[in-house]
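Here the structure comes first, spelled out in structure tokens, and everything after it is commentary.
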Amino acid sequence: MLPELDKDTIRNRIARRIAQEFHDGQIVNLGIGIPTLVSDYIPEGVRIIFQTENGAVCAGPKPEEPDLRFIGAGGRPLSILPGGALIPSDLSFGLIRGGHLDATVLGALQVDESADLASWMVPGKRVPGMGGSMDLVTGAKRVIIATTHTTKKGEAKLIPKCTFPLTGIGVVSMVVTEYCVMRFQEGKMVLTELAPQVTVDDLREVTEARFETADEVKTMLAVEEEVHQ
């Protein structure tokens, strides 16, 4: 049986794990929702250049006193770190489309076995638009998905084939949920890490997509740090 986790644990676990993926000096774009939390968990000594679609380079954390001149693409107040800059949107999208981002972290409604991503519209429901997602998934070198493993109704998000409108085809590099880490390797979804108290059989019950298991499935990185928060 899968462990029951509260909302904050889920969101911060996913963000904390993704923060382990980056190397000093990389340029990274964070989407809205859980991805915005990733910047809170970058390991000490690692300096990441965070970029936002609307033109912030070296975006920092949310300041204690928000300055409404500095707002991220998702509407969240941010700070500008020393050495940072504000640039026009066309130049910002030039950075994205020109392949200068090492990674983007986005949420997802669905990810399928072919690494396709649906992240911006549920047919018949009013939800936010795609923003710069289509540019990001084609321009960034890695697309990392931060998402809960299932919907609020318990429906699988990792499925055989996306049924919602697509953001990108074959673009996903890696998926991090509260239960596991999946990577796309040689065109296949592969389980590489499991959270504590989660078994492969548990995971298959809530994952409709077919996936393989790595030769060595490791314990999900950074989860042990939850007890020290």
Side-chain angles (χ1 to χ4, degrees), residues 14-15 18-39 42 46-62 69-122 127-147 157 161-162 164-176 182-187 189:
I14 294 169
I18 291 175
Q20 308 302 308
E21 285 296 302
F22 305 129
H23 304 293
D24 195 46
Q26 288 192 315
I27 305 173
V28 176
N29 177 287
L30 301 178
I32 62 175
I34 296 174
T36 61
L37 302 176
V38 171
S39 60
I42 299 300
V46 176
R47 183 172 184 267
I48 302 300
I49 300 172
F50 288 109
Q51 180 264 2
T52 71
E53 296 103 289
N54 63 335
V57 179
C58 275
K62 180 180 178 180
R69 295 177 299 170
F70 306 121
I71 302 292
R76 184 193 194 205
L78 50 75
S79 55
I80 302 296
L81 299 178
L86 297 176
I87 59 176
S89 292
D90 58 344
L91 181 56
S92 182
F93 273 84
L95 289 175
I96 297 169
R97 295 169 182 168
H100 300 289
L101 297 188
D102 292 293
T104 184
V105 183
L106 299 172
L109 297 171
Q110 297 174 331
V111 176
D112 70 24
E113 296 172 1
S114 301
D116 298 344
L117 170 66
S119 65
W120 66 281
M121 185 175 79
V122 178
V127 293
M130 70 179 73
S133 297
M134 286 188 174
D135 298 90
L136 289 164
V137 299
T138 55
K141 295 170 185 170
R142 295 180 70 200
V143 177
I144 300 173
I145 300 302
T147 180
K157 287 188 172 182
K161 196 66 180 174
C162 289
F164 293 161
L166 293 179
T167 308
I169 297 174
V171 295
V172 177
S173 309
M174 172 184 184
V175 179
V176 178
M182 298 277 195
R183 297 179 189 272
F184 283 91
Q185 300 174 344
E186 298 179 349
M189 185 183 292

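- Looking at K62 and S39, their side chains never come closer than 4.5 Å, going by heavy atoms from C-beta outward.
- With 3.5 Å as the limit, one finds no donor-acceptor pair spanning the side chains of T167 and S133.
- Looking only at distances, a side-chain donor or acceptor of D116 sits under 3.5 Å from a matching main-chain atom of G170.
- In terms of the salt bridge (charged side-chain N to carboxylate O under 4.0 Å, His left out) criterion, residue partners of K141 (sequence neighbours excluded) are, by chain and number, D102.
- Here the NE2-CD1 distance, from H100 to I27, works out to 8.5 Å after rounding to the nearest 0.5 Å.
- Across all their heavy atoms, G107 and P35 have their closest contact at N-CG, 3.9 Å.
- Across all their heavy atoms, A146 and V105 have their closest contact at CB-CG1, 4.1 Å.
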Side chain to side chain contact (heavy atoms under 4.5 Å, CB included) between M189 and V172, intermediate numbers included:
CA-CA 10 Å; M189 185 183 292; V172 177; over 6 Å; no
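- In this structure, A103 and A140 approach most closely via the heavy-atom pair C-CB, 4.1 Å.
- A distance of 9.5 Å separates CD in Q26 from CD in E21, rounded to the nearest 0.5 Å.
- The backbone N or O of V143 sits less than 3.5 Å from a side-chain atom of S173, completing a donor-acceptor pair.
- Side chain of S92 to main chain of T52: a donor-acceptor pair is present (N/O by atom type, distance under 3.5 Å, no hydrogens or angles).
- Among I18, V171, L117, V176, the one residue that satisfies the side-chain contact (heavy atoms from CB on, under 4.5 Å) test with I145 is L117.
- The line from SG of C162 to NZ of K157 is 12.0 Å long, rounded to the nearest 0.5 Å.
- Contact of the V137 side chain with the L106 side chain is registered, since non-hydrogen atoms from C-beta on lie closer than 4.5 Å.
- No donor-acceptor pair closer than 3.5 Å links the side chain of T36 to the backbone N or O of I32.
- Contact annotation: the side chain of F70 never approaches that of S79 to less than 4.5 Å [non-hydrogen atoms, C-beta and beyond].
- Here the straight-line distance linking atom CG of N29 with atom CD1 of I49 works out to 13.0 Å at 0.5 Å rounding.
- Taking D112 as the reference, nothing meets the salt bridge (charged side-chain N to carboxylate O under 4.0 Å, His left out) condition, with sequence neighbours excluded.
- The structure places OG of S114 at 8.0 Å from CZ of F184, a figure rounded to the nearest 0.5 Å.
- Atom CG of L78 sits about 12.0 Å away from atom CZ of R69, to the nearest 0.5 Å.
- Scanning all heavy atoms of the two residues, the minimum distance from A108 to S119 falls at CA-CB, 4.2 Å.
- Taking every heavy atom of both residues into account, M134 and W120 meet most closely at CE-NE1, 4.4 Å.
- Side chain of Q110 to main chain of F164: a donor-acceptor pair is present (N/O by atom type, distance under 3.5 Å, no hydrogens or angles).
- Applying the salt bridge (charged side-chain N to carboxylate O under 4.0 Å, His left out) criterion to R97, with sequence neighbours excluded, gives D135.
- Using a 4.5 Å cut-off on side-chain heavy atoms (C-beta onward), I48 and V38 make no contact.
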Could you walk me through whether I96 and T104 pass the side chain to side chain contact (heavy atoms under 4.5 Å, CB included) test, one step at a time?
CA-CA 10 Å; I96 297 169; T104 184; over 6 Å; no
